[in-house]
Amino acid sequence: MLKKNTKFRSLKDTSCASCENINCILKRNLTILKDSHLIQNKSTLPCKKGQQFIMEGAPVNGLFFILKGTVKVFRTGINGREQIVRFAKEGEIIGHRGFGTEEYYSIGAIALKDTVLCYFSKESLQEALLVNPKFSFDMMLFYANELNRSENKVKSISQMTVRERVIDTLLYIHRKFGDLNGFINLPLSRKEYADYAGTTEEQVIRVFSALKKEKLITAQGKKIGISDRQILKNEINDHNYFLDT
DNA sequence: CCATTAAATTCAA
DNA sequence: TTGAATTTAATGG
């Protein structure tokens with residue numbers, strides 16, 4: 001079996017200059033930001049798989065970017081049920097809703113695999129935003145996108161059937177994390193699919209079983225393969241066509 | 001929702 | 001690398 005040596009990855013240079021996350025807002029603005037307080041005073045925080053690095057209710061002091069790894073962001077509901085708000089990968093921002101006015105986090109975040117986070121203080125970020133319009137604009141676009149996604153999610157949870165929500169979730173994960181050897185490149189438990197789709201583990205298992213029978217997906221444990229993305233997409237679109245006027 | 005069994009993953013020797 | 005221990009999936013009541 002071929003293996004790449006990733007043992008010493010964590011000892012590697014974690015500076016923005018040598019970062020490979022081309023989709024990171026900081027990286028894209030590095031030419032203008034490179035001498036800023038923000039970039040020079042950042043700290044990195046290694047985080048093991050399963051480790052929670054944002055607690056619901058904890059005070060907000062800054063904001064995280066993912067240097068490496070994958071993270072889920074969730075909110076705990078009324079009867080202790082977890083609602084996964086989003087999944088995030090390399091280059092993405094975590095805890096951004098707490099930035100500005102909110103004093104305490106209303107969400108929690110857990111690493112889904114070994115992850116390295118970049119941490120920036122509120123103050124240095126504020127400074128960079130005030131001084132740099134291009135950077136602020138990129139941040140604004142990011143917030144706008146997040147809001148849009150969040151509004152769509154309200155619609156999907158309140159109006160779509162369980163089956164459609166599960167399919168929607170599969171397509172979202174697939175779109176975001178891509179495909180590796182025919183399987184979605186992110187192993188999630190059925191419970192995690194359920195927590196994102198706003199349903200229960202059993203329902204997800206039953207929808208998966210139905211989709212397997214229909215030859216639309218394949219599954220080997222946590223690895224899910226999407227055989228026909230178009231048919232799945234159509235099933236969602238057909239139904240949504242009549243919903244929004 | 002819960003209980004049971006099958007299957008997959010993790011862990012440590 | 002292996003298999004025992006633990007966790008997770010699947011199904012049926």
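Note on naming: letters A, B, ... go to the chains in the order of the sequence lines (proteins, then strands), and numbering restarts at 1 for each one. Not measured: the values here are computed from a predicted model.
- Counting to the nearest Å, the P atom of B:dA7 and the CZ atom of A:Arg190 are 14 Å from each other.
- Remark: P of B:dT10 and CG of A:Asp114 are 11 Å apart, rounded to the nearest angstrom.
- Heavy-atom nearest nucleotides on DNA chain B were determined for A:Gln220 and for A:Arg81, and the one closer to the 5' end corresponds to A:Arg81.
- Judged by distance alone, with hydrogens and angles left aside, the side-chain atoms of A:Asn185 form no donor-acceptor pair with the main-chain N or O of A:Leu180 at under 3.5 Å.
- The separation between A:Glu201 atom CD and C:dT7 atom P is 14 Å, rounded to whole Å.
- Put simply, NZ on A:Lys191 is 18 Å from C1' on B:dT9, counting in whole angstrom units.
- A donor-acceptor contact shorter than 3.5 Å is absent between the side chain of A:Gln40 and the backbone of A:His37.
- Remark: aromatic rings of A:Tyr196 and A:Phe74 are distant, center separation not under 6.0 Å.
- By the 4.5 Å heavy-atom criterion applied to side chains, A:Gln83 and A:Lys153 are counted as neighbours.
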For nucleotides 11-13 of chain C, give me every protein contact, N/O to N/O, under 3.5 Å, one pair per line with atom names.
| unit_1 | atom_1 | unit_2 | atom_2 | d |
| --- | --- | --- | --- | --- |
| C:dT11 | OP2 | A:Ser209 | OG | 2.8 |
| C:dG12 | N7 | A:Arg206 | NH2 | 2.6 |
| C:dG12 | O6 | A:Arg206 | NH2 | 3.2 |

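- An OP1 or OP2 oxygen of C:dA10 is reached within less than 4.0 angstrom by a side-chain nitrogen or oxygen of A:Lys212.
- Put simply, A:Lys49 has a side-chain N or O that comes within less than 4.0 Å of OP1 or OP2 on B:dT10.
- When the C1' atom of B:dT9 is taken as reference, atom CZ of A:Phe183 falls 16 Å away, rounded to whole Å.
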Checking side chain to side chain donor-acceptor pair (under 3.5 Å) for the pair A:Ser106/A:Glu56: CA distance, chi angles, key distance, verdict? CA-CA 5 Å; A:Ser106 55; A:Glu56 289 177 282; over 6 Å; no
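- Cation-pi check for A:Lys72 over A:Phe87 is not met; the charged atom does not lie both under 6.0 angstrom from the ring centroid and within 45 degrees of its normal.
- As rounded to whole Å, 10 Å separates atom P of C:dA9 from atom CG of A:Leu188.
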